[in-house]
Amino acid sequence: MTSRKLNPFHNSMRVAAGIFLVTSTAQLSAQFHLAASRAHFSSVAKKTIDLVDGSNAVTFEKNYRVPVHSDTPISPVIANRIHGTETASSALIAGNALMVTRSDEGAAVDSTSQVPDIGSWVNAVIATLPTVTQNGQVWARGSVTIPAYNAAGNYDFSTTIVLDSPYVNLHCEPGVILTYTGSGDAIRILPHAQIAGSAATQPNQGPSVDNCSIYNTSASAISGIHAGDISKIHLTNVAVNNFNGTPTSSAYWFDNTVSFTEGLALVDITSSNNSIAMRFTNTVGTAFSNSFGYTSIRGFRAGIRTNQIGFSVEEGTFLYHSYIDGILETSDASGTVMSVSGTGKVGGNQGDDVLFLRAECVNGSGSCTGATLLKLGAATQFVANGFMNALGVTMKTSIAPGAVFHWQGTTQLNNTDNRSEWASDGSIHLVWNTNTRALLSPSNLRVDGSTYVLGWSTNPTANPNFLGLSPCGGGIMKLCLGNGTYADSSAPLKAGQIAASQFIGSSLVPTVVPGPGAGSFPTAVSLTPGSTNVSGTVLFTTGASPVAVSAAVTVLFATPLAQAPNVCIPTAQNAATGTALNNLIISSPATTGFVIFSGFVALTASTTYQLGYACF
């Protein structure tokens, strides 16, 4: 693969005559690059430089032509302008470029040298690369290296660097800083044509960027690296900073505008102070173009400031069959570590994404409050497994009703350890802090240590379709069905057939009120202990002159029932009641209670009656 070594300075140079020795790449510690272009020659470069390779000397004369293996021009590669006498100790002919190492570090670099727009220079070099034809398509092939040309290593540029071939790599030497001043993308990765041919004969690699640090100073900039519509993009050891002019300005923007983007390989990349650290969009909006599958993100690190987002998976995107590993720090309550919006899917119906997210809300004052670990919109899907950790005072999740959320893994929020574990016996443990609160085995589900055995805890959300199960009795084994607001016995139970050894009520003791059928000033009017809305015993002693065909007593349920009983059946529990039973009538019960009437024969005065009831 051809390599282009850039030294994009003013195209005049002064170099003292010297001897240069060709050595290996491993010996090269480039301080400056010396090469010449057949298209760009300087009239002031009149010195003669000899290149010695063993016993064979090659002379650089006025035009600085270097005999190399290819006839392609060396363009555009121009040397640094330097002062003084330099003796180079090593040099390398790589492709069409001559790279030279200076031996004396004392030579001063001319600070007035003009540095061109590095975007224009990189694009020009890519245009000179050799090509390869595959399935009738012509692709540039080669590597372009941006050198650290001075102590600061800075390049300002406004021209977008375009990598439009699967066989082009961009490499920055250590210390190179690219400062973007334009209004678009600093780097755009987009093939000049959609890759054609059968899968077996298509390019099986993608373009790459490595070792570059990109900063932004423009409020209208769009992204640091905007990439898509090609597979197997590789980004390694890249840092993108300060793309935050708009809410969607991004460090890394993966965007399908025609096709899909699969097989991303992102290793040890960093985002700092960008509106969105890593963004996934489907601009063309078709089902064919929704895929960002088979992505590998390893060692991603992001600093998330006010109103910024770490990962943003947006409308019509599908991030599946993927591995995502990141450490993300928010600085206040407005930051979001991962957002899935629109109809975006992480894992989705494939359900096989693996996530390892470590997040923390922290700033100069220490741990902060309220940042969001995971935010899911109502039409999104998040089906994955792995580990999510969030440290802060009150870091939270936000999952809208309707979102499909299936998480098979460990989640830790705010220094608490809430997780699932697989035990050696094959059972699954649900752990809160350090205590196992639930255990699921092939034969049973056991829950321990909370107020309610199964269902909601202390503050449930009201929902008429929600079923709550609770022991609802101090140390007594009971099953209670809640109504969606209270885990008590207020919800109905429907079944085709119920078999039980005993039916008892669970309400408080109802109240009883005497009427004229019990006479004037009846006494001992009460319900026996244990009486409920379902069944119980009424006691009263009649007073003087009981009235026939009148209410003897009214029983009021402790709480109104959702549905009135069909019938309340009376039973005599003493002799007097047995004698009078045919003359005691319970009217049709209501949701609030029932009335016991006397018949055509008045009850006997000064007589104790004990009447049982059962309502169904």
Side-chain angles (χ1 to χ4, degrees), residues 239-252 270-280 297 299-314 324-342 344 346 355-378 380 382 384 386-403 405-407 409-420 430-435 437 449-451 456-462:
V240 180
N241 311 270
N242 306 328
F243 285 80
N244 52 33
T246 73
T248 58
S249 298
S250 306
Y252 307 94
T270 301
S271 166
S272 179
N273 192 27
N274 301 286
S275 296
I276 301 175
M278 189 175 294
R279 187 183 185 204
F280 296 87
I297 304 171
F300 179 56
R301 298 170 300 282
I304 304 166
R305 298 185 185 176
T306 301
N307 295 320
Q308 294 180 355
I309 299 172
F311 292 100
S312 180
V313 182
E314 301 180 19
I324 302 171
D325 167 37
I327 300 174
L328 301 94
E329 289 188 350
T330 60
S331 63
D332 59 31
S334 65
T336 300
V337 173
M338 174 172 275
S339 168
V340 187
S341 59
V346 174
L355 279 80
F356 290 92
L357 295 183
R358 282 87 69 208
E360 184 173 6
C361 189
V362 64
N363 54 38
S365 300
S367 293
C368 51
T369 299
T372 301
L373 172 64
L374 178 65
K375 182 178 182 180
L376 302 182
T380 64
F382 186 96
F387 174 84
M388 286 192 289
N389 169 274
L391 299 179
V393 179
T394 57
M395 208 166 189
K396 63 183 184 294
T397 59
S398 174
I399 302 174
F405 178 56
H406 293 167
W407 174 244
T410 298
T411 303
Q412 295 177 310
L413 284 172
N414 310 318
N415 292 311
T416 61
D417 186 4
N418 303 333
R419 64 188 185 276
S420 59
L430 302 181
V431 179
W432 275 258
N433 293 319
T434 59
N435 301 316
R437 297 300 191 185
S450 59
T451 304
W456 57 74
S457 181
T458 56
N459 187 25
T461 299

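This one's a predicted model, so the numbers in the text were calculated from it and none came from an experiment. Residue numbers count from 1 along this sequence.
- Atom CZ of residue Phe387 and atom CG of residue Leu357 lie 9.5 Å apart, to the nearest 0.5 angstrom.
- The minimum heavy-atom distance linking Ile399 with Ala403 is given by the pair CG2-CB, 4.0 Å.
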Original post:
After noting the C-alpha distance and the side-chain angles of Met388 and Val337, does the key distance pass the side-chain contact (heavy atoms from CB on, under 4.5 Å) rule?
Top reply: CA-CA 11 Å; Met388 286 192 289; Val337 173; over 6 Å; no
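- Considering only residues two or more places apart in sequence or on other chains, Ala333 meets the side-chain contact (heavy atoms from CB on, under 4.5 Å) condition with none of them.
- Distance check, rounded to the nearest 0.5 Å: CG of Asn389 to CD1 of Ile327 gives 10.0 Å.
- Every side chain to side chain donor-acceptor pair (under 3.5 Å) that Ser312 has, sequence neighbours left out, goes to Glu314.
- Remark: Ala400 engages Ala378 in a side-chain contact (heavy atoms from CB on, under 4.5 Å) (not counting sequence neighbours).
- Asn273 pairs by the side-chain contact (heavy atoms from CB on, under 4.5 Å) definition with Asn242, Asn244, Arg305, Gln308, not counting sequence neighbours.
- Nearest heavy atoms, Cys368 versus Val362: SG-N, 3.1 Å.
- Within the 4.5 Å cutoff, side-chain heavy atoms of Leu355 are placed close to those of Met338.
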**OP:** Carefully, step by step, assess Phe382 and Phe405 under the rule ring pair (Phe, Tyr, Trp, His ring centres under 6.0 Å).
**Re:** CA-CA 5 Å; Phe382 186 96; Phe405 178 56; 5.8 Å; yes
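- The two atoms that bring Cys361 and Thr369 nearest to each other are SG-N, 4.0 Å, heavy atoms only.
- Atom CE of residue Met395 and atom OG1 of residue Thr372 lie 7.5 Å apart, to the nearest 0.5 angstrom.
- Residues passing the side chain to side chain donor-acceptor pair (under 3.5 Å) test with Ser275, sequence neighbours excluded: none.
- Note that CD1 of Ile304 is 7.5 Å distant from OG of Ser271, once rounded to the nearest 0.5 Å.
- Contact of the Ile297 side chain with the Met278 side chain is registered, since non-hydrogen atoms from C-beta on lie closer than 4.5 Å.
- Remark: Thr270 pairs with Arg301 by the side chain to side chain donor-acceptor pair (under 3.5 Å) rule, at least two apart or across chains.
- Under a 3.5 Å cut-off, the side chain of Ser334 and the backbone N or O of Asn307 do form a donor-acceptor pair.
- Looking only at distances, no side-chain donor or acceptor of Ser365 sits under 3.5 Å from a matching main-chain atom of Asn363.
- To the nearest 0.5 Å, atoms OG (Ser249) and CG (Asn274) are separated by 8.5 Å.
- Counting only residues at least two apart or in different chains, salt bridge (charged side-chain N to carboxylate O under 4.0 Å, His left out) contacts with residues 366-375 are absent.
- Between atom CG of residue Leu374 and atom OG1 of residue Thr397 there is a gap of 6.5 Å, rounded to the nearest 0.5 Å.
- Under the side chain to side chain donor-acceptor pair (under 3.5 Å) criterion, Ser398 pairs with no residue, sequence neighbours left out.
- Looking at residues two or more places apart in sequence or on another chain, you find a ring-ring contact (aromatic ring centres under 6.0 Å, His included) between Phe280 and Phe254, Phe292.
- Looking at residues two or more places apart in sequence or on another chain, you find a salt bridge (Lys or Arg N to Asp or Glu O under 4.0 Å) between Asp325 and Arg358.
- Phe311 meets the ring-ring contact (aromatic ring centres under 6.0 Å, His included) test with Phe300; sequence neighbours excluded.
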